[in-house]
Amino acid sequence: CRRNRKERQMFSHAAVIFAFLLAGASTPSATAFQTLSQRPLASKETGLTMRQLDPRRSMYRSSLRMQSSVPADATKKKTVQILMSDTGGGHRASANALRDAFDVLYPGQISCDIVDIYTDFGPFWPYNDYVECYKIMAKYDFLWKIFFEFGATPFGLWLNELLLETFCFDPFLECLSRPVGESQKRADMVVSVHPLCQDLPLKILCSLDTNGKSRSSGRKTPFATVVTDLGGAHPTWFNKGVDKCFVPSDALRRCAKERDVSESQIVQHGLPIRKGFWGGEYGKVKTSETPESSPFKGLFAFLQTSNAENQNESDEGTVGSVKEEMRTKLNMENIPTVLVVGGGDGMGGITTIAKTLGTKLDTNGSSDGNRYQMVVVCGSNKDAVNELSDVTWGNNINVRVNGFVNNMDEWMRASDAIVTKAGPGTIAEASICGLPCMLSSFLPGQEEGNVPYVEESGFGSYSGNPELISQRVSSWLESPKIMEEMQSAALKAARPTATIDIAKDLAQILFDDSKI
């Protein structure tokens, strides 16, 4: 079959890795790696910066600098650089959520610089093209499985660390050195929301804080990892050199410990999620005075949040009324509704699933006399939007087809169940809305653990077969008892205050002058 140039490059790259492995290459010694890691900076060796060596380094995206309004005394404003890559929609969504939480908790006091460090500072292919590489490997998931599993081996971890430091140290050094906000200096704190943004940034911060004397010690700039996976994660997420590692689940707490991250470094709140899902059931925000323990008492407004158990109890009691309210707002019928989501990148076989499920619900409506409703969110998949919009649906089902939407919280709260790929963010958001989850696909490795997380929590199941998906979802909608039990289980697993809790903990580190 014909493939475009990027796909051919990916297959060629995979072939090179296989050939390298089959050749029986031995792992170089730790001494050799240590020698390499202590080499002087290329910029000092040559007298040239990466910007001079590569004119692309001078091209920054203005959208990367997400800043709060500048207070009267800008010298008091703290700066945070959040490192990520747009390999899937979850990493940027988490970064934006943390930025928004800082703005709510500390208005005008924290400026955030959100950077896709690989796309904007990667020196050459594949580093500067990770987003397209991800899309190809997600399409051919056997490629993803190969690279994920190989990268998780001791040799794969060593090789990745070696190649990143060899080729990306200088361009990434420029990224971490650049001024943030109005401060005209580099960030006061660095936060990673991507698995490939731990090892090398930590070394660079060591180098910056010691004026190039060391890449392994002497770091003073605070660094935290916020893990955005849920039921399973790649080992590169976890580095024992971080100040704090925020994990969303017991499974990832265990993963962190296996990578020698200490108990004192691990904090478990949940996943950082979009603002529409914060603060208890439906994002209602209350403010109160800063706690006595804060060194900035009286300057900031904190969100007042109750414990998760109490929030979940109130959620369960009001889901029905808010659901009806949302359906009215979105011009939907007030009938049993399923939401089918293809993810921000539009992946997950959404058209076949939607057609099969729509047919099944229409057939059920003919036999039981009920009407059903299906909302399909195709993300950036314009072909799926066009194809599903041209379908002639039955008389017993109302179908709404959308592309990318900015109000996913409203669509979720208007629905009774969701069909989605096993993305961690969508699962976390669905649980806050009390939605039973029918998982239709997952990326091998990182999303695979999300399936048992949902099934063992009692609010969903998995099948990659559209027919089985349709049968299971329709059986849920036909049984009020099943729906009530799964809704309760979803709300029990929900962590609606996670983003706020993470932001508070990060700010506590940031405002502690002894650590900066």
Side-chain angles (χ1 to χ4, degrees), residues 36-68 70 74-75 77-85 95 98-99 102 110-124 127-128 130 161 163-194 196-225 239 241-243 506 509-510 513 515-516:
L36 174 65
S37 67
Q38 297 299 327
R39 64 180 177 83
L41 301 185
S43 58
K44 292 186 177 181
E45 294 171 348
T46 63
L48 297 175
T49 65
M50 283 304 298
R51 190 187 305 275
Q52 291 169 315
L53 293 172
D54 185 352
R56 291 178 303 148
R57 298 274 69 79
S58 63
M59 300 174 63
Y60 299 141
R61 296 181 183 175
S62 60
S63 63
L64 290 177
R65 298 195 175 189
M66 306 290 190
Q67 304 172 6
S68 308
V70 181
T75 61
K77 192 170 188 176
K78 297 295 185 180
T79 56
V80 177
Q81 189 172 63
I82 304 179
L83 305 179
M84 45 75 70
S85 177
L98 292 174
R99 176 206 62 205
F102 286 140
I110 298 178
S111 177
C112 287
D113 180 26
I114 300 176
V115 190
D116 184 339
I117 192 169
Y118 284 92
T119 298
D120 293 289
F121 289 89
F124 44 72
Y127 299 108
N128 62 358
Y130 268 3
E161 187 175 356
L163 294 177
L164 279 177
E165 185 169 7
T166 302
F167 298 120
C168 297
F169 189 96
D170 287 311
F172 285 13
L173 172 69
E174 181 177 0
C175 174
L176 272 72
S177 301
R178 76 180 189 176
V180 176
E182 300 288 325
S183 67
Q184 298 304 309
K185 63 184 182 67
R186 63 184 176 91
D188 295 314
M189 181 180 191
V190 177
V191 176
S192 166
V193 292
H194 194 276
L196 295 180
C197 293
Q198 272 68 235
D199 293 342
L200 187 55
L202 282 168
K203 292 178 181 178
I204 291 172
L205 290 178
C206 286
S207 179
L208 288 171
D209 289 339
T210 62
N211 294 319
K213 294 179 181 179
S214 175
R215 296 186 182 183
S216 58
S217 62
R219 177 179 62 83
K220 297 180 180 179
T221 305
F223 185 100
T225 297
N239 188 301
V242 303
D243 293 302
L506 291 174
I509 300 171
L510 180 63
D513 291 337
K515 287 184 173 291
I516 299 177

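Of all heavy-atom pairs spanning K78 and L510, the tightest one is CB-CD2, 3.5 Å. Here the closest non-hydrogen pair linking C112 and I82 is SG-CD1, 4.3 Å. I509 approaches P222 most closely through the heavy-atom pair CG2-CB, 3.7 Å. The two residues L208 and S177 have their closest heavy-atom pair at CD2-OG, 3.4 Å.
Residues meeting the side chain to side chain donor-acceptor pair (under 3.5 Å) test with R219, sequence neighbours left out: D243. Scanning for side chain to side chain contact (heavy atoms under 4.5 Å, CB included) contacts around N239 gives Q198, D199, L202, V242, with sequence neighbours left out. Partners of C168 by side chain to side chain contact (heavy atoms under 4.5 Å, CB included), not counting sequence neighbours, listed by chain and number: P123, Y127, L164, F172, L200.
Side-chain contact between V80 and L506: absent, with no pair of heavy atoms (C-beta onward) separated by less than 4.5 Å. Put simply, the side chain of V193 reaches to within 4.5 Å of the side chain of L98, judged on heavy atoms. Using a 4.5 Å heavy-atom threshold, the side chains of L196 and I117 count as separate. In this structure, R186 and L205 have side chains that are in contact, with non-hydrogen atoms separated by less than 4.5 Å. No side-chain heavy atom of M84 sits under 4.5 Å from any side-chain heavy atom of V115. Within the 4.5 Å cutoff, side-chain heavy atoms of R178 are placed close to those of D113. At least one side-chain heavy atom of V190 sits under 4.5 Å from a side-chain heavy atom of L83.
Applying the ring-ring contact (aromatic ring centres under 6.0 Å, His included) test to residues at least two apart or on different chains, none of the pairs has a partner in residues 202-224.
In this structure, D209 contributes its side chain and K220 its backbone to a donor-acceptor pair below 3.5 Å. In this structure, T210 contributes its side chain and S214 its backbone to a donor-acceptor pair below 3.5 Å.
Taken from CD1 in I114 to CD in Q81, the straight-line distance is 10.5 Å, to the nearest 0.5 Å. Here the OH atom belonging to Y118 is positioned 8.0 Å from the OG atom belonging to S85, to the nearest 0.5 angstrom. Between F169 atom CZ and R215 atom CZ the span is 3.5 Å, to the nearest 0.5 Å. Rounding to the nearest 0.5 angstrom, the gap separating the OG atom in S111 from the CZ atom in R99 is 11.0 Å. Considering NZ of K77 and CG of D188, their distance stands at 11.5 Å, rounded to 0.5 Å.
Between F167 and F124, the ring-plane angle classifies as perpendicular under the 30° and 60° cut-offs.
The pair K203-E165 counts as a salt bridge, with a side-chain nitrogen and a carboxylate oxygen less than 4.0 angstrom apart.
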> Can you list the steps and then say if C175 with D120 is a side-chain contact (heavy atoms from CB on, under 4.5 Å)?
Replying inline: CA-CA 9 Å; C175 174; D120 293 289; over 6 Å; no
